[in-house]
Number of protein chains: 2
Amino acid sequence: MATSPIPSAKNSLLKLENQLCFPFYAVSRLLTKAYQPLLQALGLTYPQYLVFLLLWEHGQLTVKELGEKLLLDSGTLTPLLKRMAQKQWLSRRRDPRDERSVIIELLPAGRTLEAQAGPVPEQMLGKMQMSAEEIAALRVHLTHLLTQLA
Amino acid sequence: MATSPIPSAKNSLLKLENQLCFPFYAVSRLLTKAYQPLLQALGLTYPQYLVFLLLWEHGQLTVKELGEKLLLDSGTLTPLLKRMAQKQWLSRRRDPRDERSVIIELLPAGRTLEAQAGPVPEQMLGKMQMSAEEIAALRVHLTHLLTQLA
DNA sequence: TAAAAATTAATTGTGCACAATCAAACATTA
DNA sequence: TAATGTTTGATTGTGCACAATTAATTTTTA
């Protein structure tokens, strides 16, 4: 007569320790918290830092393009970008060729932050204490999940 | 005369696509969004679901214990638990033996949700489309990062 | 080209998330 | 035991995050 394969593990999938998603949730928050002391010196939050990564590379992008790359919608980006514009880090203006679009352009004060942020990636890698192999393996799994869920 | 090893990759670590942390941030949000339609049927948010995972297992816990297990502080938990108490899912009361502690206890309406949440973990595994090997490998890396950052 | 459909941001409302501060209760020790 | 220090939650204020709705503009199509 068949018995339950793991008798003591009733509802084991409904235990926090057996969740795969919770570690993602927790690691994500802990990573943001690990950035905080580094970014605070620049007056930045983590989502604002992500916007800067894109603007430092591309100079200017529309809100739609920022949202596509960061997987964030305008309800998140609009107030965030307004705060960044108030600090003269970037400008917001309608695209005259398509008045629906808003162009976000890096301003000199925002460009200045790029040099100050230079050491941040290495400092974070130091906090994570992972080998190049581990990082490469993780990147593969995360990219897979990202495409699976996006 | 030595040249830069990767001439075209000036500041490559300051590009979004080369970030390791961004995928964690994005995957975490996408996972929460993937839970949403499943949990909405129960009237739950993802953080509330995590609280329930602990209460279904332990029956009752203090706010401090919940915070330690979920890595959340009282500024997050107090209002969240008040909303859950308002729905009669749990009770909040001071521990008479130590009036500083607040005991969170599962109520019948909260226990009822356990059965309804039963299929959720399998449904999420289906959405993630990962092999048992991938999941096991990910769990190792995530646990390592968690202990490294916590 | 006039009407219908689609695109793009902004707005509104709810719910986290966390730093900083506060207040109450408990523990320690001089 | 009285003063000091610690623990525990609650509160306050700021900043995301996202669903749902709205408004303006552009594109498509009848």
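The structure presented is a predicted model; accordingly, all values stated were derived computationally and were not measured. The chains referred to below are lettered A, B, ... by the order of the sequence lines, with proteins before strands, and numbering in each begins at 1.
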Can you tell if the side chain of A/R111 reaches within under 4.5 Å of the side chain of A/L107, non-hydrogen atoms only?
no
A/S101 near the nucleic acid: base, sugar-phosphate alone, or nothing, with a heavy-atom cut-off under 4.0 Å?
sugar-phosphate
Hey, quick one: are A/M84 and B/L16 part of the same hydrophobic cluster, counting side-chain heavy atoms closer than 4.5 Å, chains of contacts allowed?
yes
With the side chain of B/R92 defined as its heavy atoms from C-beta on, choose the nearest nucleotide among D/dC16, C/dC16, D/dA10.
D/dA10
Mind checking whether B/L142 and B/F24 have side chains closer than 4.5 Å, heavy atoms only?
yes
Report which part of the nucleic acid B/Q48 touches: base, sugar-phosphate, or nothing (heavy-atom distance under 4.0 Å, all strands).
sugar-phosphate
Would you please classify the geometry between the A/Y25 ring and the A/F22 ring as parallel, tilted or perpendicular, with 30° and 60° separating the classes?
tilted
Between the protein and nucleotides 22-29 of chain D, are there any N/O to N/O pairs under 3.5 Å, and if so, what are the atom names and distances?
residue: D/dT26; atom: OP1; partner: A/E99; partner atom: N; Å: 3.2

One thing to verify: whether A/R93 and A/E105 come together as a salt bridge, which I'm taking to mean a side-chain N less than 4.0 angstrom from a carboxylate O.
yes
Nearest to the A/T76 side chain among D/dG15, D/dA10, D/dA17, which nucleotide is it?
D/dA17
If I compare all heavy atoms of B/L138 with all of B/M130, which pair ends up nearest, and what's the gap?
CD1-CE, 3.3 Å
Within this structure, what is the CG-to-C1' distance between B/L81 and C/dG15, rounded to whole angstrom?
13 Å
To the nearest angstrom, the CD1-C1' distance between B/I104 and D/dT8 comes to 13 Å
Expressed as a whole number of angstroms, how long is the span from A/Q40:CD to D/dT14:C1'?
13 Å
Here the distance between atom P of D/dA10 and atom CG of B/L72, to the nearest Å, is 14 Å
Going by the angle between their ring planes, with limits at 30° and 60°, are A/Y35 and A/Y49 parallel, tilted or perpendicular?
tilted
Rounded to whole angstrom units, what separation is found between the CG atom of A/L70 and the C1' atom of D/dC16?
13 Å
So B/L77, base contact, sugar-phosphate only, or nothing? Heavy-atom distance under 4.0 Å.
nothing
Could you pick out which residue, A/K33 or A/E68, lies toward the 5' side of DNA chain C when each is mapped onto its nearest nucleotide?
A/E68
Can you tell me if B/R83 touches the phosphate of C/dC16, counting only side-chain N or O atoms and a distance under 4.0 Å to OP1 or OP2?
yes
Spacing of B/L31 atom CG relative to D/dC18 atom P, expressed in whole Å
12 Å
Electrostatic pair A/E65:A/K69 at N-O distance under 4.0 angstrom:
no
Nucleotide of C/dA17, D/dC16, D/dA19 approaching A/D73 most closely (side-chain heavy atoms)
D/dA19
Please tell me if B/T62 has a side-chain N or O lying less than 4.0 Å from either OP1 or OP2 of D/dG9.
yes
Which nucleotide, C/dG15, C/dT11, D/dT11, lies nearest any side-chain atom of B/S74?
D/dT11
Provide, to the nearest angstrom, the distance between the CG atom belonging to A/L80 and the P atom belonging to D/dT14.
16 Å
Please report, rounded to the nearest Å, how far the C1' atom of C/dC18 is from the OH atom of A/Y25.
11 Å
Answer with base, sugar-phosphate or nothing: what part of the nucleic acid does A/T32 contact at a heavy-atom distance below 4.0 Å?
nothing
Would you indicate which nucleotide in D/dA17, D/dG15, C/dT11 comes nearest to any side-chain atom of A/K82?
C/dT11
Any side-chain N or O of B/T78 below 4.0 angstrom from OP1/OP2 of D/dG9?
no
